[in-house]
Trainee: 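Structure below; questions to follow.
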Amino acid sequence: MTGAYKATSAGWLLATEAIPLGHSLSLRVLIVDDEASVRKVMAAVLAQIGLPCETAASGDEALRVLETNRIDAVISDLQMPGMSGMELLAKVRQIYPRMVFLVVTGVDDIRVGIEAMRQGADDYLVKPLQVDANIVLASLTRALHVKRLEQEVENYRHHLEEIVAEQTQQLREALRQIERSYDHTLEVLGAAIDLRDSPTAGHSRRVFLYSIEIAKAMGGLESQMRNIAMGAWLHDIGKLAIPDAILLKPGPLTDEERAIMQRHAQIGYDLVKGIPFLADAAEIIFAHHERCDGSGYPRGLKAGEIPAGASIFAVADTFDAMTSARPYRRALPFQASREVIERGAGKQYDSQVAKVFLSIPGETWEVIRRETAAIQAHAFATASDIQALSTLVKSEG
């Protein structure tokens with residue numbers, strides 16, 4: 001198209017130079033202006049560069065056109081009765097965030113055009129300067145290029161989120177497998193301890209369950225629950241290094257034998273402390289024979305120096321020891337054992353732990369002992385105990 005338009009009152013002038021049609025831009029444009037002459041000139045400019053267009057005389061009409069037509073770009077005047085170009089811009093950005101939007105402003109309103117860009121317009125055209133098809137094409141091309149870059153960035157962000165989500169899921173599954181591996185490791189160690197110390201078969205599982213009941217009743221220890229459980233489960237692992245003649249001796253130990261037996265706390269700690277997932281549990285193993293008054297071993301710790309898990313375990317361990325039959329004595333009744341712990345509160349046992357223990361109904365301990373005996377009749381305690389604890393801790397957390 002080679003014809004030319006004279007300057008109109010709106011300031012548009014169609015270029016007389018031929019525009020090459022070999023460009024790759026393909027857009028359907030909506031022209032929005034309340035002046036019919038401006039719409040006609042702009043339609044001619046776009047036709048010259050091979051871009052089909054729709055027209056609208058107001059912002060409301062423009063929104064209706066957008067609802068019913070495929071439009072890629074909007075060129076809108078800012079000064080219009082009713083809905084202004086700025087208001088139309090806000091609505092289009094809200095409904096069609098990826099659409100190219102150019103505003104048309106006068107020479108005296110360039111600041112308004114700049115403000116429109118701050119609010120989401122992609123570019124602005126100035127009237128009544130001479131505007132030819134090349135200018136419009138360049139503006140649309142720049143805006144489209146920016147939109148494509150924005151889309152690529154958005155696509156990359158979504159793709160990155162998908163990658164992160166997938167890798168996070170893979171990591172979670174790997175951690176679950178590691179956790180299951182840990183649990184089975186604990187199962188084997190617990191079974192080995194029970195096999196080694198057969199007169200107290202089931203002891204590891206009982207004190208594990210007793211300790212958890214006390215910790216749950218105390219409250220505020222949710223983050224330590226698993227470590228308390230693992231420490232209770234493996235507290236006697238050091239006994240694997242104690243000679244049978246001492247470990248299984250039916251009568252009282254000599255002072256020398258007792259000194260050797262007491263080494264199991266240090267041995268157990270040394271065995272476990274280097275294993276990362278058992279590092280915190282190792283502290284419970286190390287201190288499980290400490291007493292509040294400092295009479296315990298191996299370090300003679302006093303109240304406040306003893307880890308909370310070890311203080312809980314001390315009560316659970318004593319209770320199970322007294323209520324379990326040994327080759328050299330019968331098991332004490334539950335009530336008699338509770339009275340021993342009550343008398344030792346604040347001396348051998350942490351007073352708060354003892355108080356919580358005494359507040360738990362005796363039926364709780366009886367149920368645990370019966371269930372443990374039933375399991376023990378068929379097999380050693382399994383990793384399902386630790387796995388069940390993991391589920392419990394997660395649900396309560």
Side-chain angles (χ1 to χ4, degrees), residues 179-212 226-291 296-299 301 306-307 309-310 312-314 316-322 324-328 372-373 375-387 389:
E179 190 173 89
R180 286 193 290 270
S181 176
Y182 287 170
D183 293 340
H184 287 295
T185 299
L186 294 176
E187 171 191 344
V188 172
L189 291 174
I193 294 168
D194 273 353
L195 280 171
R196 184 73 172 79
D197 196 8
S198 57
T200 58
H203 171 66
S204 295
R205 184 175 190 276
R206 286 192 301 273
V207 294
F208 149 68
L209 293 173
Y210 291 164
S211 297
I212 291 305
R226 187 174 174 84
N227 290 326
I228 292 172
M230 291 189 294
W233 189 272
L234 301 177
H235 71 281
D236 273 343
I237 190 172
K239 287 185 177 180
L240 295 174
I242 302 301
D244 285 352
I246 297 175
L247 182 66
L248 306 179
K249 185 176 180 179
L253 300 177
T254 65
D255 290 344
E256 183 180 357
E257 290 171 337
R258 185 174 295 104
I260 294 175
M261 177 65 84
Q262 290 180 353
R263 288 173 51 199
H264 80 275
Q266 179 73 58
I267 293 171
Y269 173 73
D270 291 339
L271 283 172
V272 171
K273 68 179 181 181
I275 303 174
F277 82 101
L278 292 176
D280 291 330
E283 296 299 328
I284 296 175
I285 295 171
F286 200 12
H288 77 276
H289 277 296
E290 301 289 357
R291 298 293 179 261
Y297 65 87
R299 292 172 289 173
L301 302 180
I306 304 173
I312 291 172
F313 172 82
D317 184 46
T318 299
F319 179 66
D320 186 66
M322 289 188 294
S324 298
R326 297 298 173 92
Y328 48 87
T372 302
I375 293 174
Q376 203 66 31
H378 301 284
F380 290 104
T382 67
S384 61
D385 296 304
I386 298 294
Q387 292 167 353
L389 173 67

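When reading the values below, keep in mind they use all heavy atoms of this one structure, side chains included, and skip hydrogens, waters and symmetry mates.
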Trainee: Once rounded to the nearest 0.5 Å, what's the spacing between atom NE2 of H203 and atom CG of D317?
Mentor: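 Taking NE2 in H203 and CG in D317, the distance rounds to 4.5 Å.
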Trainee: Going from CD1 on I237 to CD1 on I267, what distance comes out if it is rounded to the nearest 0.5 angstrom?
Mentor: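 So the gap between those two atoms works out to 11.0 Å.
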Trainee: Looking at every heavy atom in both V272 and L278, which two are closest together, and how far apart are they?
Mentor: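 Taking every non-hydrogen atom into account, CG1-CB, 3.3 Å.
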Trainee: Would you check if F286 and R299 make a side-chain contact, meaning some heavy-atom pair closer than 4.5 Å?
Mentor: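 Yes, close enough: below the 4.5 Å cut-off.
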Trainee: Donor-acceptor pairs under 3.5 angstrom involving side-chain atoms of residues 250-261: please list them, not counting sequence neighbours.
Mentor:
unit_1, atom_1, unit_2, atom_2, d
T254, OG1, E257, N, 3.1
T254, OG1, E257, OE1, 3.3
D255, OD1, R258, NH1, 3.1
E257, OE1, K249, NZ, 2.7
E257, OE1, T254, N, 2.9
E257, OE2, K249, NZ, 3.4
R258, NH2, L253, O, 3.1

Trainee: When rounded to the nearest 0.5 angstrom, what is the spacing between CD1 in I284 and CE in M230?
Mentor: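 Interatomic distance, I284 CD1 to M230 CE, rounded to 0.5 Å: 8.5 Å.
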Trainee: Which atoms form the tightest heavy-atom contact between V207 and S211, and what is the distance?
Mentor: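 Answer, listing the atom of V207 first, then S211: O-OG, 2.7 Å.
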Trainee: About how many Å separate CG of D320 and CZ of R205, when rounded to the nearest 0.5 Å?
Mentor: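 Spacing of CZ (R205) from CG (D320) equals 12.0 Å.
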Trainee: For R263, which residues count as a salt bridge (Lys or Arg N to Asp or Glu O under 4.0 Å) partner, sequence neighbours excluded?
Mentor: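 For R263, no residue satisfies salt bridge (Lys or Arg N to Asp or Glu O under 4.0 Å) once neighbours in sequence are set aside.
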Trainee: Could you tell me the separation between the CZ atom of R291 and the CD1 atom of I306, rounded to the nearest 0.5 Å?
Mentor: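 Answer rounded to 0.5 Å: 8.0 Å.
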Trainee: If we ignore hydrogens and angles and just use 3.5 Å, is the side chain of E290 paired with the main-chain N or O of L301 as donor and acceptor?
Mentor: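 Indeed, once roles are kept as given, a pair shorter than 3.5 Å links the two residues.
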Trainee: Quick one: pull up CG in L271 and CD in Q266 and give me the separation to the nearest 0.5 Å.
Mentor: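 Nearest 0.5 Å value for the CG-CD distance: 10.0 Å.
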Trainee: I want to check something: taking the side chain as every heavy atom from C-beta on, are D236 and H288 in contact at a cut-off of under 4.5 Å?
Mentor: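 The answer is yes, as the side chains (C-beta and beyond) meet within the 4.5 Å cut-off.
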Trainee: If you define the side chain from C-beta out and look only at heavy atoms, does anything of F313 sit under 4.5 Å from I228?
Mentor: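 Counting from C-beta outward, F313 and I228 never come under 4.5 Å.
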